[in-house]
Amino acid sequence: MASADLIRLRGGKPLIGEIHLRGAKNTVPKNMVAALLTDEPVIIRDVPKIEDVDIMSRLFMRMGVEVEEVRPGTLQIVAKKIKLPTRNDLVDITGRSRIPILTAGPLLHRFGRALVPKLGGCNIGPRPVDFHVKALRELGADYDENEENGVFKTKGLRGAKIILEYPSVGATEQVILSSVLADGQTELHNAAVEPEIMDLITLLQKMGAIISVDTDRTIYVEGVKKLSGATHSGMPDRNETASWACAALGTNGRILVRGADQLGMMTFLNKYRQIGGGFDVNRDGITFYREKEKLSSITVETDVHPGFMTDWQQPLVVVLTQAEGRSVVHETVYPSRFGYIEELNKMGAKIKLFEESPEMIKSKFGKRNYRQSAQIDGPTKLHGSEMTVPDLRAGFSYIVAALIADGESTIHGFSVLQRGYEHLVAKLQSLEAEIIEVKV
Ligand code: EPU
């Protein structure tokens, strides 16, 4: 297979050292969207150099928003004189990220109209936007979908009572960003309460918003007339933390993830410990390592917060190929997020996929109760292989598998990982991974 986008690695060496986290991929681009709600400067610190940030910067600049890197890793965004994006502005953005749909609310407030590109993001099965559209309609917008883009229109957004069918992260953010400047109060039931959402709420609170979160997944937004500028550091990336934690456990190494925060990782850390992983939490971050020589099998079900995140399962499955006995991982958030299993089996793993969840696992939510499960029998020796990255998190799981395996592995489509992992090659090098070749 010829490709100019690959990484070639030799496995068998423990990863040892430290890496530094910056603001989360699933937070920082949304904090950028919040800047569209004011004409004053919003300063965002700890911005990672990843593609989702780059796409939003490009879109903003085409809208006339000033986006300036005032210091390395600090963006100043001023959305004073802005214009609606045109179809041409969206051509190379369409299909590349999930974030642009979140500009709908801010643009509706400013122009009564919003053109948003068809969404992209990881290739992990169908990812509809029906919850977003329904919520915006309830807030007073009309939606017209055409082939490349969607057009929302409104004569003015007003507060509403909205009940989400499922606690969707994106739809919750959509409602919050659309209702902060709406007329009256919005009551969002069955909302997602991920720490990334709380991070967005804290930025909006600094900007002057009035938002409260109840214990029963209800979020109340009191519409205000105006928001002002603010300075914010996005929360550290929980998914990247879990990725490196699995790399440490799988390779029998030791990695200090600087900036990692225990609070958002509690569910992950419990499972990590049950498998045999060790971690030390201190002011600098969390150090991950192997506590027990023999790893133990476990059962995990992915879920919305405070459950085990769907973005954590892929590198974990690789670690479970090294655990004694049978593990089961049940995916309930997405219908198709085990696209990477076949390649792991080619490397020597023994993983079976089931369309029915095992009886002992009872899913908590209705409509999204997907029944895909992976049954992993271990421990198995992994050997080097050649594979192509299907999506971001699966791509990282291939990196972990390649680092555990005997011999050389070639991972094609390596650039997909740049969507969410900043300076990945440099980080791998600093952890003493044996990189033979990189072409991006
Ligand atoms: N869904 C619908 N209709 C909608 C919206 C969502 O059916 O209108 C479904 C989805 O298809 C999925 C479920 O609801 O089955 C959950 O989707 P959610 O809206 O919660 O996900 P998202 O906001 O699109 C974010 C992250 C994902 C992460 C999920 C779940 C961003 C940019 N992406 O996606 O991150 O997996 O929440 O925590 O924030 C990743 O980082 O690799 C990644 C995929």
Side-chain angles (χ1 to χ4, degrees), residues 23-33 48 50-53 55-56 96-104 116 118-138 143 145 150 162 164-177 190-200 217 234-235 237-243 264 267-268 302-315 331-337 339-340 363-372 389-397 416-422:
K25 159 191 166 284
N26 290 345
T27 299
V28 171
K30 298 161 187 179
N31 293 340
M32 294 172 74
V33 176
I50 53 170
E51 200 181 297
D52 273 2
V53 168
I55 288 174
M56 291 314 285
R96 297 197 53 194
S97 166
R98 302 278 298 164
I99 319 287
I101 197 172
L102 297 179
T103 60
V116 291
K118 279 276 164 67
L119 301 185
C122 275
N123 177 20
I124 47 180
R127 295 181 73 184
V129 291
D130 51 332
F131 302 162
H132 295 246
V133 172
K134 185 165 177 278
L136 280 164
R137 282 188 172 133
E138 283 165 338
Y143 182 60
E145 187 180 17
I162 299 169
L164 290 182
E165 218 174 286
Y166 177 83
S168 147
V169 171
T172 300
E173 291 159 341
Q174 181 72 264
V175 172
I176 294 170
L177 287 162
N190 204 23
V193 290
E194 268 64 4
E196 287 76 9
I197 292 169
M198 300 307 131
D199 187 78
L200 177 64
R217 291 191 178 278
M235 61 173 280
D237 200 306
R238 297 191 298 146
N239 295 336
E240 189 172 353
T241 304
S243 298
T267 308
F268 176 85
T302 66
D303 207 341
V304 296
H305 187 74
F308 192 94
M309 284 191 85
T310 167
D311 307 295
W312 295 337
Q313 56 98 338
Q314 306 78 357
E331 171 63 48
T332 76
V333 179
Y334 291 103
S336 162
R337 223 177 173 184
Y340 59 98
S363 284
K364 297 188 192 76
F365 294 101
K367 192 176 172 219
R368 302 288 141 189
N369 180 11
Y370 297 120
R371 298 197 171 278
Q372 220 186 9
V389 172
D391 65 81
L392 181 65
R393 305 298 165 196
F396 197 93
S397 78
V416 171
L417 288 153
Q418 289 173 343
R419 278 201 40 233
Y421 293 93
E422 184 187 40

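What you see below is based on every heavy atom in this structure, not just the backbone, and it leaves out hydrogens, waters and symmetry mates. Numbering starts at 1 and runs along the sequence shown. Both ligands and their constituent atoms are indexed starting at 1 by order of listing.
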Handout entry: Under 3.5 Å: N/O of Lys25 near N/O of ligand 1
Key = yes
Handout entry: Polar proximity ligand 1 side, Glu194 side, N/O cut 3.5 Å exclusive
Key = no
Atoms in ligand 1 flagged as close to [X], the criterion being non-hydrogen separation under 4.0 Å:
| X | result |
| --- | --- |
| Val129 | 4 (C), 8 (O) |
| Arg98 | 24 (O) |
| Ile99 | 32 (C) |
| Val333 | 12 (C), 13 (C), 15 (O), 16 (C) |
| His132 | 8 (O) |

Nearest candidate to [atom], where distance is taken over non-hydrogen atoms, out of [options]:
| atom | options | answer |
| --- | --- | --- |
| atom 5 (C) of ligand 1 | Gly170, Pro128, Gly420 | Pro128 |
| atom 37 (O) of ligand 1 | Asp391, Val304, Val169, Asp237 | Val169 |
| atom 21 (O) of ligand 1 | Phe396, Tyr166, Tyr334 | Tyr334 |

Handout entry: Pair Glu240 + Lys25: basic N to acidic O under 4.0 Å
Key = no
Exercise for the section: Would you give the length of the straight line joining atom OG1 of Thr103 to atom CE of Met56, rounded to the nearest 0.5 angstrom? Expected result: 6.0 Å
Fill in the blank from the handout: Rounding to 0.5 Å, atoms OG1 (Thr332) and CZ (Arg337) come to a distance of 11.5 Å
Exercise for the section: Take every heavy atom of Arg238, measure it against each atom of ligand 1, and state whether any distance is under 4.0 Å. Expected result: no
Handout entry: Heavy-atom gap Lys30 to ligand 1 smaller than 4.0 Å
Key = yes
Practice task
Would you mind telling me if ligand 1 is within reach of the side chain of Gln314, the backbone, both or neither, using heavy atoms under 4.0 Å?
Solution key: neither
Problem - Side chain, backbone, both or neither: Leu392 near ligand 1, heavy atoms under 4.0 Å - result: side chain
